[in-house]
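Letters go in sequence order (proteins before strands), and every chain restarts at 1.
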Amino acid sequence: MTLGKTDFIDDPAALERHLPGRRIEKVERYGKFMLLRLSATGQAGASENGDAKEASLLVHLGMTGNLAPYAPEQPCAKHTHVWFRLDDGRELRYTDPRRFGRMAYLTGELLATELTAFGADPLLVSAEEFASRIRSRSARIKALLLDQSVLRGIGNIYADESLWRAKIHPARVAAQLSKAQTRTLWRVLQDTLGKAIAARGSSISDFLDAEGRPGEYQRRHRAYGREGQRCFRCAATIRRVIVAGRSSYFCPRCQPAPRSAKAGVKRGRRAGARNA
DNA sequence: CTCGATCCCTGGACGC
DNA sequence: TGCGTCCAGGGATCGA
């Protein structure tokens, strides 16, 4: 294993100390994280330094990360920061220009703590559980969709796409959504994510999957990135506002603003006029 | 609990 | 062409 820049790695020394010789037993996904389950080494002294225990490598790709295997003679992409030499001769390379990703070698309780912090998987969560996680919350729905401890794995694109499909304004207070709206949002989240996964995701600038192929779902975006263009449903002009600190694209006709948000959501306006 | 602000980082867009 | 400036985004963190 070779490390380049390491400021996105929790404990680079732990990687160098504990990773060589391990086998990747399986790969799991927790929201936006990949979890590479590693074998115990069985080497002499392993029980003293902890290598006899099960361990995992947690990887987040951030905005621009990529983890993929290459033939060693393949030239390295710019901003490659980690090289894992595999026993079949290939190199697993981690590339991340912006280094918004994260890599961490974790065992035992540290790993358990990380995993329990995740919310429900939106693809598996029942309508009832989804509703129970939403209904008592006074935060705006967009903020909750992006909160990884409520639902894991939803990012800005799929939050906006789902809200457009459900005809819900991103600044609506979650607790004020009707039962029908909550149910609809649950349904369109699953549908949107399922279709996006089938299309290998959205390549806005440079996203490539582990096979080096771009996603196709950006061609089906109905809201995200479409400021100033016509709504596919009603032909009104798609707008962009900041909600929960993120760009939020929505149709002002299909997704009516909550009364309490009209002053606060306006561009640059001070949000002092919220309902009691 | 929820909010906004700030920082991290680089490439791309834009203005001159 | 080559600067400078601004911005995007996921998430951690801090103060209100």
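- Atom CE in A:Met63 sits roughly 14 Å away from atom P in B:dG12 (whole-Å rounding).
- Here A:Tyr249 pairs with A:Tyr224 under the ring pair (Phe, Tyr, Trp, His ring centres under 6.0 Å) rule; sequence neighbours left out.
- Rounded to whole Å, atom C1' of B:dC7 lies 9 Å from atom CZ of A:Phe100.
- Under the side-chain hydrogen bond (donor to acceptor under 3.5 Å, both in side chains) criterion, A:Thr2 pairs with A:Arg85, sequence neighbours left out.
- Computed from coordinates, the A:Ile242 CD1 to B:dG4 P distance equals 10 Å when rounded to whole Å.
- For residues 122-131 of chain A, the set of pairs meeting the side chain to side chain donor-acceptor pair (under 3.5 Å) definition, not counting sequence neighbours, comprises A:Glu129-A:Arg133.
- Among the atoms of the strands shown, none is found under 4.0 Å from any heavy atom of A:Asp96.
- Considering only residues two or more places apart in sequence or on other chains, A:Asp10 meets the side-chain hydrogen bond (donor to acceptor under 3.5 Å, both in side chains) condition with A:Arg102.
- Atom P of nucleotide B:dG4 and atom NZ of A:Lys142 are separated by 12 Å, given to the nearest angstrom.
- OP1 or OP2 of B:dG11 sits under 4.0 Å from a side-chain N or O of A:His79.
- Rounded to 10 degrees, the angle between the two end axes of the helix from B:dT2-C:dA16 to B:dC16-C:dG2 is 40°, with five pairs used at each end.
- Stacking of A:Arg233 on the aromatic ring of A:Trp164 is recorded, both the 6.0 Å distance cut-off and the 45° axial limit being met.
- Taking only side-chain nitrogens and oxygens, A:Arg99 comes nearer than 4.0 Å to OP1 or OP2 of B:dT10.
- Taking atom CZ of A:Arg98 as the reference point, atom C1' of B:dC7 lies 15 Å away to the nearest angstrom.
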Would you be so kind as to tabulate the donor-acceptor pairs closer than 3.5 Å made by side chains of residues 144-156 of chain A, with sequence neighbours excluded?
unit_1	atom_1	unit_2	atom_2	d
A:Asp147	OD1	A:Ser149	N	2.8
A:Asp147	OD1	A:Ser149	OG	2.7
A:Gln148	OE1	A:Gly153	N	2.7
A:Gln148	NE2	A:Leu146	O	3.1
A:Gln148	NE2	A:Ile154	O	3.0
A:Arg152	NE	A:Gly119	O	2.8
A:Asn156	OD1	A:Lys142	NZ	2.7
A:Asn156	ND2	A:Ser247	O	3.0

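- Following rounding to the nearest Å, A:Arg133 (CZ) and B:dC1 (P) show an atom-to-atom distance of 13 Å.
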What's the verdict on salt bridge (charged side-chain N to carboxylate O under 4.0 Å, His left out) for A:Arg90 and A:Asp88, showing C-alpha distance, side-chain angles and the deciding distance? CA-CA 6 Å; A:Arg90 292 184 300 170; A:Asp88 66 0; 2.9 Å; yes
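- Rounded to whole angstrom, the span from the CZ atom of A:Arg246 across to the P atom of B:dT2 amounts to 18 Å.
- Taking a heavy-atom distance under 4.0 Å as the criterion, the stretch of DNA chain C touched by chain A extends 5' to 3' from C:dA8 to C:dG11.
- Considering only residues two or more places apart in sequence or on other chains, A:Arg23 meets the side-chain hydrogen bond (donor to acceptor under 3.5 Å, both in side chains) condition with A:Glu25.
- For A:Arg37, the salt bridge (Lys or Arg N to Asp or Glu O under 4.0 Å) test picks out A:Glu28, with sequence neighbours left out.
- Put simply, A:Ser138 has a side-chain N or O that comes within less than 4.0 Å of OP1 or OP2 on B:dT2.
- For the pair A:Arg140 and B:dC1, the criterion of a side-chain N or O lying under 4.0 Å from OP1 or OP2 is not met.
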